[in-house]
Amino acid sequence: MLKLNFHPSGRHFLQIPGPSPVPDRILRAMSLPTIDHRGPEFGALGLELLSKIQKIFKTENPVIIYPASGTGAWEAALANTMSPGDRVLMFETGHFATLWHKMALRLDIQPEFLGLPGYEGWRHGVQADMIEARLKEDTNHELKAVCVVHNETSTGVTSDIAAVRKAIDAAGHPALLIVDTISGLASADYRHDEWGVDVTVSGSQKGLMLPPGISFNALSPKSIEVSKQAKLPKSFWAWDEILEANKNGYWPYTPSTNLLYGLNEALDMLLDEGMDNVLARHQRWAAGVRAAVEAWGLEIQCLDPSVYSPVLTGVVMPEGVDADAVRKIIYERFDLSLGMGLGKAKGKMFRIGHLGDCNDLTLIATLGGCEAGMKLSGVNLKGSGVTAALDYFAANPLNAGER
């Protein structure tokens with residue numbers, strides 16, 4: 001039998017940018033007995049969840065909850081708004097934007113991929129001016145949607161979604177704005193209604209601190225109207241049946257009951273702390289980790305400080321150093337999992353997650369494992385990143401109300 005709890009002592013450090021560690025409080029909630037998903041208790045739970053999740057997306061409009069991964073929610077966003085042969089504009093910011101583009105092709109959509117060239121293009125965010133220029137060229141309004149990734153998990157770049165909305169409006173274009181914030185939700189500032197997003201895609205296993213298995217589509221009234229005419233095949237993903245069932249707190253199929261218990265607990269944790277405090281501590285952790293990378297004398301994957309991610313930091317290895325070999329040593333010697341470089345960034349960098357169920361000491365230990373592992377790998381470090389992070393956290397304490 002496969003042994004999953006194989007760590008000899010202490011707790012494994014899961015510092016990938018998702019799935020993130022699940023707090024014990026949420027694990028306990030998920031362990032409660034499963035109830036009848038057609039019974040009155042479940043209906044009350046469903047209505048409570050659907051109301052709370054709107055606060056996390058900062059929307060007054062419906063949020064669809066799927067028993068699926070974030071990839072499923074990608075497909076749902078496209079399947080409910082597109083027809084075969086429709087053209088969409090997508091922007092390449094990293095590996096996950098590339099995978100979403102691949103999905104669009106498989107769904108018989110015609111995606112057009114904008115982006116900056118080569119590996120360097122993966123070190124910047126969405127370029128709203130490029131989107132505006134392309135939409136102004138589309139005088140016949142053949143492009144039906146603009147699809148962008150908010151927090152690109154593969155690179156540590158958090159793009160300016162409000163600027164993308166302004167670009168669409170400046171072009172006078174009716175395209176829907178569809179945004180992936182799978183790794184951004186509940187860790188990076190996100191405002192579905194205020195930013196004029198039509199469909200927001202997200203998942204459970206990042207800032208919401210849950211295991212994988214739940215995903216979301218937050219909607220706008222415009223996207224709901226468009227969905228009534230969309231012709232791509234859909235059944236499981238179809239919004240109309242779910243929205244109808246959700247009116248009474250239910251789903252048209254069997255939902256993931258125990259994961260929903262966990263979601264309810266996670267939402268209570270976040271809302272009790274206050275979303276402003278949640279976002280502030282993520283920004284603080286990110287700044288401390290970046291101080292460590294700077295002290296090491298290494299490059300951050302994201303080259304634009306204005307779009308540094310509060311969720312993760314990509315650490316670029318010096319020329320000739322295999323980042324995956326460094327990760328392997330760190331894992332084997334210090335029981336610490338880091339995110340690998342994906343796609344164009346494979347072997348060039350590793351990713352440190354600083355999201356969700358975390359604290360200063362978690363990150364100090366993580367940085368200590370990284371620093372020791374890089375030294376063992378022969379990486380020439382300028383100074384101590386651990387000391388730099390300690391100094392940053394000491395000089396920038398948590399505000400009242402933060403945990």
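- Checking Thr257 against His37 by side-chain atom types alone, no donor-acceptor pair falls below 3.5 Å.
- For residues 121-136, every residue pair satisfying the side chain to side chain donor-acceptor pair (under 3.5 Å) rule, not counting sequence neighbours, is listed here: Glu92-Trp122, Glu112-Arg134, Arg123-Glu299, Glu132-Lys136.
- The line from CG of Leu208 to CG of Leu355 is 10.0 Å long, rounded to the nearest 0.5 Å.
- Taking 4.0 Å as the cut-off between side-chain N and carboxylate O, Asp268 and Lys52 count as a salt-bridged pair.
- Annotation: salt bridge (Lys or Arg N to Asp or Glu O under 4.0 Å) contacts of Glu244 (sequence neighbours excluded): Lys247.
- Asn61 and Ser220 are not linked by any side-chain donor-acceptor pair at a separation below 3.5 angstrom, with hydrogens and angles left out of the test.
- Trp296 meets the side-chain hydrogen bond (donor to acceptor under 3.5 Å, both in side chains) test with Glu371; sequence neighbours excluded.
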Any chance you could lay out the side-chain contact (heavy atoms from CB on, under 4.5 Å) test for Tyr308 and Ile300, step after step, and finish with the verdict?
CA-CA 9 Å; Tyr308 280 151; Ile300 293 171; 3.8 Å; yes
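- Other residues, nucleotides and ligands contribute at most 12 non-hydrogen atoms within 6.0 Å of the CZ atom of Arg106.
- Using a 4.5 Å cut-off on side-chain heavy atoms (C-beta onward), Pro252 and Ile242 make contact.
- The closest donor-acceptor contact from the side chain of Ser215 to the backbone of Gly203 lies at 3.5 Å or more, if one exists at all.
- The closest side-chain heavy-atom distance from Asp108 to Met82 is not below 4.5 Å.
- Using cut-offs of 30° and 60° for the angle between ring planes, the Tyr253 and Phe236 rings count as parallel.
- Donor-acceptor pairing under 3.5 Å is recorded for the side chains of Asp180 and Trp74.
- Of the listed residues (Val199, Val146, Ile161, Val149), just one forms a side chain to side chain contact (heavy atoms under 4.5 Å, CB included) with Val179, and that residue is Ile161.
- Tyr119 pairs by the ring pair (Phe, Tyr, Trp, His ring centres under 6.0 Å) definition with nothing, not counting sequence neighbours.
- Summarising the geometry of Ser309 relative to Val157, their closest heavy-atom pair is CB-N, 4.1 Å, with the distance given to 0.1 Å.
- Interatomic distance, CG of Asp322 versus NZ of Lys348, reported as 11.0 Å (0.5 Å rounding).
- Judged by distance alone, with hydrogens and angles left aside, the side-chain atoms of Ser256 form no donor-acceptor pair with the main-chain N or O of Pro67 at under 3.5 Å.
- One finds the CG atom of Leu263 at 5.5 Å from the CD1 atom of Ile65 (value rounded to the nearest 0.5 Å).
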Trace of the side-chain contact (heavy atoms from CB on, under 4.5 Å) decision for Val148 with Ile131
CA-CA 10 Å; Val148 296; Ile131 291 175; 4.1 Å; yes
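- Few gaps surround CD on Glu120; more than 12 heavy atoms of other groups in view lie less than 6.0 Å from it.
- The two atoms that bring Leu105 and Pro111 nearest to each other are CD2-CD, 3.5 Å, heavy atoms only.
- Nearest heavy-atom pair, Ala323 versus Phe350, reported as atom, atom and distance to 0.1 Å: CB-N, 4.2 Å.
- Taking both residues in full, the closest heavy atoms of Asn80 and Ala238 are given as OD1-CA, 3.5 Å, listed atom of the first, atom of the second, then distance.
- With hydrogens and angles ignored, the 3.5 Å screen pairs no side-chain donor or acceptor of Arg87 with any backbone N or O of Gln110.
- Of the inter-residue distances, the one linking Leu114 atom CG with Cys147 atom SG reads 11.5 Å to the nearest 0.5 angstrom.
- Looking at Ser202, its side chain does come within 3.5 Å of a backbone N or O of Thr181 through a donor-acceptor pair.
- His101 meets the ring pair (Phe, Tyr, Trp, His ring centres under 6.0 Å) test with Phe113; sequence neighbours excluded.
- A donor-acceptor pair under 3.5 Å is formed between the side chain of Ser223 and the backbone N or O of Asp198.
- If you take CG on Leu381 and SG on Cys370, they are separated by 10.5 Å, rounding to the nearest 0.5 Å.
- You'll find the ring centres of His150 and Tyr190 inside the 6.0 Å limit.
- With hydrogens and angles ignored, the 3.5 Å screen pairs no side-chain donor or acceptor of Asn264 with any backbone N or O of Leu260.
- Other residues, nucleotides and ligands place more than 12 heavy atoms under 6.0 Å from the NZ atom of Lys234.
- When the options Ile64, Ile53, Ile56 are evaluated for a side chain to side chain contact (heavy atoms under 4.5 Å, CB included) with Phe216, the one that passes is Ile53.
- Ion pair Lys328/Glu332 flagged as a salt bridge, since at least one NZ, NE, NH1 or NH2 atom sits closer than 4.0 Å to an Asp/Glu carboxylate oxygen.
- Gln301 is not listed as a side-chain neighbour of Val315, based on a closest heavy-atom distance of 4.5 Å or more.
- Listed by chain and residue number, nothing satisfies the salt bridge (Lys or Arg N to Asp or Glu O under 4.0 Å) test with Asp193 (two or more places apart in sequence, or in another chain).
- Minimum heavy-atom separation, Leu312 to Pro17: CB-CB, 3.8 Å.
- Without hydrogens or angle criteria, Asn140 side chain to Glu142 main chain gives no donor-acceptor distance under 3.5 Å.
- For Trp239, the ring pair (Phe, Tyr, Trp, His ring centres under 6.0 Å) test picks out no residue, with sequence neighbours left out.
- No donor-acceptor pair closer than 3.5 Å links the side chain of Trp195 to the backbone N or O of Val164.
- Between Asp189 and Lys58 there is a salt bridge, since a side-chain N of the basic residue sits under 4.0 Å from a carboxylate O of the acidic one.
- Sorted by first and then second residue, the pairs that involve residues 14-29 and meet side chain to side chain donor-acceptor pair (under 3.5 Å), not counting sequence neighbours, are Arg25-Glu265.
- Judged purely by atom type and a 3.5 angstrom limit, Asn217 has no side-chain atom pairing as donor or acceptor with the backbone of Val201.
- The salt bridge (Lys or Arg N to Asp or Glu O under 4.0 Å) test applied to Lys228 returns Glu225, not counting sequence neighbours.
- Applying the side-chain hydrogen bond (donor to acceptor under 3.5 Å, both in side chains) test to Glu137 and every residue at least two apart in sequence or in another chain returns nothing.
- Taking the six-membered ring for Trp, His354 and His282 have ring centres at least 6.0 Å apart.
- Between the side chain of Arg165 and the backbone N or O of Leu177 there is no donor-acceptor pair closer than 3.5 Å.
- For Lys222, there are no salt bridge (Lys or Arg N to Asp or Glu O under 4.0 Å) partners at least two apart in sequence or on another chain.
- For the pair Lys206 and Thr153, the tightest heavy-atom approach, listed with the atom from each and the gap, is NZ-CG2, 3.7 Å.
- Annotation: ring pair (Phe, Tyr, Trp, His ring centres under 6.0 Å) contacts of Tyr66 (sequence neighbours excluded): Trp237.
- One finds a salt bridge joining Asp324 and Arg327 here, because a Lys/Arg side-chain nitrogen approaches an Asp/Glu carboxylate oxygen to under 4.0 Å.
- For the pair Asp335 and Arg11, the salt-bridge criterion is not met [side-chain N within less than 4.0 Å of a carboxylate O].
- Put simply, CG on Asn151 and CD1 on Ile182 are 10.5 Å apart, with the number rounded to the nearest 0.5 Å.
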